[in-house]
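One structure is given here, and the rest of the page talks about it.
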Amino acid sequence: MNKIDSTTDLPALYHSMLRIRRAEEAIAMRYHEQEMRCPVHLCIGEEGIAAGVCANLAVEDVVYGNHRSHGHYLAKGGSLNTMIAEIYGKADGCCGGRGGSMHLIDNSAGFAAAVPIVGGTVPLAVGAGWAFKLKQQKNVSVVFFGDGCFEEGVLHEAMNFAALKKIPVLFICENNGMSVYTSLDQRQPGRPMTGIAKAHGLEVYSGDGNDVQEVARLTSEAVAKSRRGDGPQFLEFRTYRWLGHVGHEVDDDLGYRPDESVEFREARCPLKKAGAELIEKFGWGDDDFAALEKTVNQEVKAAFKFSSASPDPKPESRGDYSYA
Amino acid sequence: MNKIDSTTDLPALYHSMLRIRRAEEAIAMRYHEQEMRCPVHLCIGEEGIAAGVCANLAVEDVVYGNHRSHGHYLAKGGSLNTMIAEIYGKADGCCGGRGGSMHLIDNSAGFAAAVPIVGGTVPLAVGAGWAFKLKQQKNVSVVFFGDGCFEEGVLHEAMNFAALKKIPVLFICENNGMSVYTSLDQRQPGRPMTGIAKAHGLEVYSGDGNDVQEVARLTSEAVAKSRRGDGPQFLEFRTYRWLGHVGHEVDDDLGYRPDESVEFREARCPLKKAGAELIEKFGWGDDDFAALEKTVNQEVKAAFKFSSASPDPKPESRGDYSYA
Amino acid sequence: MHSDESGKNSQSREITYGQAILEALHQTMAVDPAVMVIGEGVADPKSIFKTTDGLVEKFGPDRVTEMPLAENGMTGVCIGLAMSGFRPVLVHQRIDFALLSMDQIINNAAKLHYVFNGQVTVPLVVRMLVGRGWGQGPQHAQSLQALFAHIPGLKVVMPTTPHDVKGMLISAIEDNNPVMFIEHRWLYNLKGDVPKEPYRVPLDRAVVAKSGKDLTVATYSHMTIEAIAAARVLAEYGVEIEVIDMRVARPMDMEPVLTSVKITGKLLVLDTGWASCGVSGEIVARVVESAFKYLSKPPLRITLPDHPAPTSQHLTDDYYPDAETVVNAVLSLLDDGEKLPAEEICQRVRRTSLRDIPNPAYVGPF
Amino acid sequence: MHSDESGKNSQSREITYGQAILEALHQTMAVDPAVMVIGEGVADPKSIFKTTDGLVEKFGPDRVTEMPLAENGMTGVCIGLAMSGFRPVLVHQRIDFALLSMDQIINNAAKLHYVFNGQVTVPLVVRMLVGRGWGQGPQHAQSLQALFAHIPGLKVVMPTTPHDVKGMLISAIEDNNPVMFIEHRWLYNLKGDVPKEPYRVPLDRAVVAKSGKDLTVATYSHMTIEAIAAARVLAEYGVEIEVIDMRVARPMDMEPVLTSVKITGKLLVLDTGWASCGVSGEIVARVVESAFKYLSKPPLRITLPDHPAPTSQHLTDDYYPDAETVVNAVLSLLDDGEKLPAEEICQRVRRTSLRDIPNPAYVGPF
Ligand SMILES: Cc1ncc(C[n+]2csc(CCOP(=O)(O)OP(=O)(O)O)c2C)c(N)n1
Ligand SMILES: Cc1ncc(C[n+]2csc(CCOP(=O)(O)OP(=O)(O)O)c2C)c(N)n1
Ligand SMILES: [Mg+2]
Ligand SMILES: [Mg+2]
């Protein structure tokens with residue numbers, strides 16, 4: 001199984017984050033063309049969590065996502081080509097165009113399902129983890145969700161059952177303090193979410209989601225415990241969403257949250273932080289960054305090319321797969 | 001507002017419990033006649049909780065119940081006559097025969113609603129408590145539910161919202177260790193439910209539900225806090241259900257729980273415990289007990305009489321009240 | 001795993017509907033280790049009215065699992081299991097409880113195969129019991145098949161006979177789609193011939209339960225029993241009604257109904273649930289769309305009255321339609337129905353026991 | 001609080017459907033302090049596509065409340081408020097999210113007045129938006145009115161015009177029953193005359209949106225718009241279809257439809273949702289039950305195809321029926337429909353903008 005060393009494997013983590021960042025930037029740049037005709041919930045600024053968590057997973061481990069899952073999908077090794085094609089509604093999209101940005105799958109990478117009903121995948125991930133346990137496979141199941149999702153009753157049901165059966169499942173709470181434009185304090189009283197998870201009998205961790213090394217380190221510990229049979233783990237990572245809830249634009253003008261200055265964001269940028277570390281501890285220079293940028297940009301470019309070369313799905317196929 | 005002193009008001013608490021016990025015994029005795037044609041979930045053995053909690057409530061405070069609510073209803077001052085008539089499906093039943101044992105209401109006593117979907121009334125009680133707060137009434141809303149109900153997601157949603165808005169609501173968890181024939185350890189991991197409630201930001205209490213004075217004392221504290229604006233309170237009381245989950249019979253023969261000896265029950269009998277205290281501290285003698293028994297038995301007898309004198313609801317009225 | 005035939009060559013004997021369910025579970029679990037049974041009470045001493053009896057002893061608690069009271073979450077857990085190679089059978093003692101899990105059933109189970117372009121399947125069976133009579137009341141006596149039958153991606157079956165319930169449960173478990181398996185509580189003690197060996201009954205076929213040329217009755221589940229009781233007596237008065245047991249509410253097999261209506265020209269539809277946007281209206285609409293010119297009279301629907309189920313036996317007395325309701329409806333549709341002795345016929349189908357129980361042996365609580 | 005008349009004497013002006021909703025909320029809240037608005041986003045800067053704009057500033061956060069993501073629990077909280085003298089309006093940005101709260105809506109809201117023998121009322125409004133097109137996909141584009149219209153105890157309204165949405169929302173808020181208030185997202189920018197003063201539109205009346213003698217179209221919500229577009233062009237070819245805006249799916253007002261069918265003999269039913277056990281089948285069944293002999297042809301239903309909504313614009317292109325679908329259906333029902341220039345008429349109603357948006361001004365995401 002994968003086991004990342006967050007200290008030595010920083011280049012890989014950085015690569016993973018950069019891939020998400022550049023892919024989403026490319027989406028954002030072209031989104032106004034109104035050719036990606038589906039809502040997109042971008043995770044720019046939050047890449048550290050997806051990258052840090054998924055670096056600890058094997059292909060056979062499964063990941064479940066939510067409405068904001070480009071990062072989860074890519075970090076788990078999902079195909080960028082088929083994701084971009086999916087957002088464009090193309091036949092070669094990972095769902096053949098049936099899903100769009102909010103429904104992602106790549107079975108070959110162990111990315112099981114993202115769907116946009118908040119909380120919808122949480123119990124699915126518990127079921128998948130239970131399946132591992134019943135089959136005596138040493139894999140883990142992972143579900144990403146937001147602070148808003150924590151309010152859904154199904155989370156409580158899922159934590160209770162996971163703790164009861166000691167299921168190898170990681171609950172990853174991406175706490176960006178927002179549900180759409182509604183801040184955490186309008187939805188939850190002032191107490192830590194980890195306290196509730198812990199009270200349910202889960203092992204809990206809390207960390208800075210913008211520090212990919214911290215994410216990777218805490219996850220590595222949690223995955224190890226879950227694999228060896230210690231049951232469900234709950235990891236909360238604080239982070240910050242740069243763009244609007246949905247769509248490609250910065251929405252500072254709406255005035256629903258305090259400080260959106262560029263400096264505020266940059267100070268929290270997971271790439272910037274990791275980049276500084278790469279320079280300092282790994283001796284990276286401009287060339288190294290440029291080389292990586294090139295690789296990533298080529299992949300992104302190729303993905304958009306793949307997508308535009310992909311045919312539209314045939315209208316008459318729209319009824320296929322209604323039933324298995 | 002009512003404020004009971006659990007030390008000095010034991011006679012009233014005992015009376016409240018005895019009323020529930022004798023009423024349910026009378027139901028149990030006649031249930032085999034198949035004339036009460038609806039499921040009954042008797043709370044014999046668990047009377048201490050209903051009596052101890054409701055003794056602290058004013059008429060204007062509201063109580064919400066569940067499938068096992070004869071005790072809650074009676075302790076809150078609900079009419080015994082209309083409850084028995086309801087169980088018999090009579091026109092003078094508290095629901096005019098529409099509800100049966102699992103649906104109870106007595107608005108004049110502040111018993112708001114019992115319904116049998118597990119968890120169904122929990123958020124209703126939160127809404128009622130919120131209404132008090134919005135109207136700046138110094139009342140509290142109370143909801144009784146079982147250990148099984150704690151597993152429903154709606155409870156988590158209700159606790160979160162109650163804590164967020166500091167709603168004057170008391171969550172009363174009657175922990176009898178059973179959901180139908182399934183023991184707690186098959187449904188929840190080994191951790192206290194109060195831990196979860198506390199992590200949600202509720203004040204929590206845990207007590208012996210078979211000790212009516214303890215119940216009354218803890219509730220008195222909780223009610224006082226809730227009334228003065230401290231928000232939601234969570235009280236867990238351990239107790240023991242004497243009869244089967246549903247129906248009038250002891251079901252020891254099913255062998256789903258360990259010790260059902262008469263001694264085991266008697267040792268936990270809330271009436272017995274309170275009775276001993278009445279003898280010891282209040283100097284009660286046989287006469288006192290006999291007098292109370294007489295009062296209670298007369299009320300019970302009268303209720304069955306009331307019920308049998310009550311007409312059957314008219315079949316042609318069955319469509320009434322489909323809409324307001 | 002099972003032979004495709006309908007068990008015709010297998011030895012059969014009389015068992016009840018409930019026993020037939022149990023047998024289907026035992027046989028399916030014995031053959032396929034992916035089959036699991038999950039629900040509140042599946043491993044308790046009452047074992048869902050004995051339909052899961054002995055399973056936990058035989059297959060162990062990993063495969064026969066009690067669950068917390070968490071209908072939505074546990075439905076999601078079962079979907080996750082189903083996506084991971086298992087074939088869970090989730091059980092609700094009352095269909096009313098499944099209302100808590102509509103999100104997982106409709107948003108996820110019904111859609112994942114579709115939206116993921118066939119890359120995922122959800123072989124999940126949800127057994128749900130419909131309560132009736134004896135004080136079940138408004139939250140324990142709903143017959144909510146229409147809510148599920150509205151949703152593409154689901155299959156919705158409602159077997160009537162012991163033979164069908166065994167064969168259809170086996171088919172449902174082997175099916176790669178989410179199957180809503182709706183069992184009417186009043187059928188549980190019904191006896192019938194059931195082959196010992198495993199067999200399949202298809203999940204997309206209606207069947208003629210009794211043939212006749214005078215009028216077509218489309219029905220399913222418990223109402224089939226009432227229809228047959230009515231048909232038997234009516235036959236003695238020269239009225240031959242064709243009773244078609246629809247068996248499946250989605251996908252609906254209209255072929256036998258259309259064939260019959262083309263002969264009889266008259267349609268009566270019976271439902272265990274409410275009318276508005278229900279299964280009965282769907283049947284009427286489809287018949288009208290496809291066999292309009294063959295109809296000599298407007299079709300008639302018999303459903304629950306349009307209000308919640310009251311609890312008191314005095315109020316439920318005529319809430320639930322039965323054979324007598326069927327007789328009256330049939331007579332009203334026949335060209336010379338008024339010439340027949342309605343009261344005499346009704347008398348003969350009228351239940352002598354209390355109307356809030358299927359038979360005198362049936363005593364509460366349950 | 002409001003005058004009973006339909007606002008005829010009040011000054012009116014053109015505003016949009018969305019603005020009409022907002023106005024109804026402002027006016028109702030100003031008059032009755034018991035009215036509250038609760039939902040995810042009701043007090044945020046986007047204010048449910050501007051339909052709750054300014055409410056929190058005017059009425060404060062106690063009466064205009066953001067809520068946690070907890071649809072079932074918050075529905076129960078609103079029921080508790082409603083039982084305690086408040087009139088909550090709960091808002092879901094997509095009707096799909098309401099699937100999480102079916103238990104509270106169906107088991108409690110719909111039944112408490114009944115089961116408690118009239119001693120309790122639940123004056124609750126649940127506003128739910130139906131999404132369509134522009135990549136909404138299977139979990140954000142369902143039109144689930146049938147699930148609610150099946151349930152006695154609920155009212156289910158689906159206004160089409162700015163005038164009706166204001167008057168019906170006021171009626172819904174004043175109603176003592178739980179009202180499912182379903183708004184189609186594609187109607188939000190529709191403009192129409194709306195009286196300034198508060199007024200009521202009854203919750204149990206269909207209305208003739210366009211009269212005609214050749215064929216009856218029963219429809220509601222967004223499909224009324226498509227029907228009227230078709231009717232206008234058809235009229236130029238001498239075909240006069242009567243378009244009846246049902247407005248309410250429960251209780252359904254069949255009177256105008258029956259009256260019309262008795263003249264036209266032909267029925268076309270349009271739905272925004274699926275067919276099976278849907279509103280369209282219910283309308284067909286009721287017409288057949290009450291006006292069978294007047295029908296000269298089998299009625300026709302136009303609904304969504306029987307599968308989940310795909311996301312890609314290439315796949316949704318003919319998933320959603322529109323005016324062109326209506327034209328074709330009308331022509332197929334007319335006795336000499338084949339004599340008319342179908343392609344020419346279709347051409348004229350065909351949208352020139354992309355078919356996954358109602359008009360070119362409508363750009364995603366939303
Ligand atoms: C059950 C449900 N309710 C509401 C929504 C609408 N919605 C989509 S995303 C979202 C915010 C979720 O917040 P959070 O879980 O914190 O995730 P984030 O967007 O911050 O990443 C909401 C309310 C939904 N999709 N599903
Ligand atoms: C949502 C729902 N699920 C299942 C049931 C069936 N049921 C009725 S009572 C009960 C047990 C509840 O246990 P608990 O909450 O501990 O209450 P107790 O009966 O022990 O007092 C169950 C499972 C139900 N009524 N509602
Ligand atoms: Mg968030
Ligand atoms: Mg219990």
Side-chain angles (χ1 to χ4, degrees), chain B residues 62 64 86 91 93-100 102-108 112-135 137 141 143 152-162 164-165 167 169 313 317-324, chain D residues 33-34 36 38 60-63 65-88 90 100-101 103-104 106-124 151-155 175-179 203-204 250-251:
Chain B
V62 292
Y64 284 80
E86 186 57 36
C94 60
C95 303
R98 280 173 156 61
M102 304 195 295
H103 303 81
L104 299 174
I105 186 169
D106 189 338
N107 275 332
S108 68
V115 300
I117 295 291
V118 171
T121 59
V122 173
L124 270 52
V126 173
W130 194 20
F132 286 141
K133 178 159 181 173
L134 291 169
K135 293 192 262 187
Q137 266 173 258
S141 171
V143 60
E152 293 284 1
V154 76
L155 205 93
H156 167 95
E157 297 179 351
M159 289 193 290
N160 179 60
F161 192 71
L164 176 69
K165 300 284 183 191
I167 290 172
V169 56
S317 73
R318 64 162 164 69
D320 298 349
Y321 301 117
S322 301
Y323 286 91
Chain D
M36 295 173 66
I38 297 160
D62 271 358
R63 293 183 61 199
T65 313
E66 284 292 332
M67 72 179 213
L69 306 197
E71 287 79 5
N72 201 39
M74 292 308 302
T75 304
V77 167
C78 286
I79 296 171
L81 282 174
M83 291 168 74
S84 310
F86 286 89
R87 296 188 169 274
L90 176 63
L100 280 154
S101 56
D103 165 51
Q104 285 294 336
I106 296 180
N107 282 328
N108 279 345
K111 295 180 175 53
L112 296 185
H113 181 69
Y114 178 82
V115 74
F116 291 131
N117 214 25
Q119 296 169 90
V120 155
T121 56
V122 183
L124 164 69
I151 306 297
L154 301 179
K155 295 189 177 182
D175 200 285
N176 280 329
N177 298 286
V179 181
L203 302 184
D204 56 0
R250 170 179 275 273

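Just so we're clear, the structure is a prediction, and the values are computed from it rather than from any experiment. Here is how names work: the chains are called A, B, and so on, in the same order as the sequence lines, proteins then strands, and each is numbered from 1.
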request  = Please name all residues satisfying side chain to side chain contact (heavy atoms under 4.5 Å, CB included) with D/P178, sequence neighbours left out, ordered by chain then number.
outcome  = D/A109, D/V122, D/L154, D/M180
note = Closest heavy-atom pair, B/A112 versus D/M83, reported as atoms and distance to 0.1 Å, is O-CE, 4.2 Å
request  = Go through B/K135, B/E86, B/K133 and name the one with the most non-hydrogen pairs under 4.5 angstrom from chain D.
outcome  = B/K135
key: From NZ (D/K111) to CZ (B/R98), nearest 0.5 Å   = 13.5 Å
query = Of the backbone (N, CA, C, O) and the side chain (C-beta and beyond), which part of B/K165 lies under 4.5 Å from a heavy atom of chain D, both, or neither?
reply = side chain
Contact check, side chains of B/H103 and D/L112, non-hydrogen atoms, under 4.5 Å = no
query = Of the non-hydrogen atoms in B/W130 and D/D62, which two are nearest, and what is the gap between them?
reply = CZ2-O, 4.5 Å
B/A125 portion near chain D, given a 4.5 angstrom heavy-atom threshold = neither
key: Any residue meeting salt bridge (Lys or Arg N to Asp or Glu O under 4.0 Å) with D/D175, in chain and number order, not counting sequence neighbours   = D/K155
Heavy-atom contact with chain D under 4.5 Å, split by part of B/A128 = both
ask   = Quick one: are D/H113 and B/Y323 in side-chain contact, heavy atoms under 4.5 Å?
value = no
query = Between CD of D/Q104 and CG of B/L124, what distance do you get to the nearest 0.5 Å?
reply = 5.5 Å
key: B/F132 portion near chain D, given a 4.5 angstrom heavy-atom threshold   = neither
query = Considering only heavy atoms, which portion of D/L100 lies under 4.5 Å from any heavy atom of chain B: side chain, backbone, both, or neither?
reply = neither
Residue among D/L69, D/V120, D/N176, D/N107 with most heavy-atom pairs under 4.5 Å to chain B = D/N107
note = d(D/F116 CZ, B/D106 CG) to nearest 0.5 Å is 11.5 Å
message = At a 4.5 Å cut-off on heavy atoms, which part of B/I117 comes close to chain D: side chain, backbone, both, or neither?
response = side chain
query = So which of B/V62, B/V115, B/T121, B/N160 has the largest heavy-atom pair count under 4.5 angstrom toward chain D?
reply = B/V115
query = Using non-hydrogen atoms only, which part of B/I167 is less than 4.5 Å away from chain D: side chain, backbone, both, or neither?
reply = neither
request  = Could you look at D/Q119 and say if it's the side chain, the backbone, both or neither that has a heavy atom under 4.5 Å from chain B?
outcome  = both
remark   = Under 4.5 Å to a heavy atom of chain B? For D/T65 that would be side chain
key: Minimum heavy-atom distance between B/A131 and D/L81, given as atom pair plus value   = N-CD2, 3.9 Å
query = With only heavy atoms counted, which part of D/D103 is less than 4.5 Å from chain B, the side chain, the backbone, both or neither?
reply = side chain
ask   = How many angstroms lie between CG in B/L164 and CE in D/M67, if you round to the nearest 0.5 Å?
value = 12.0 Å
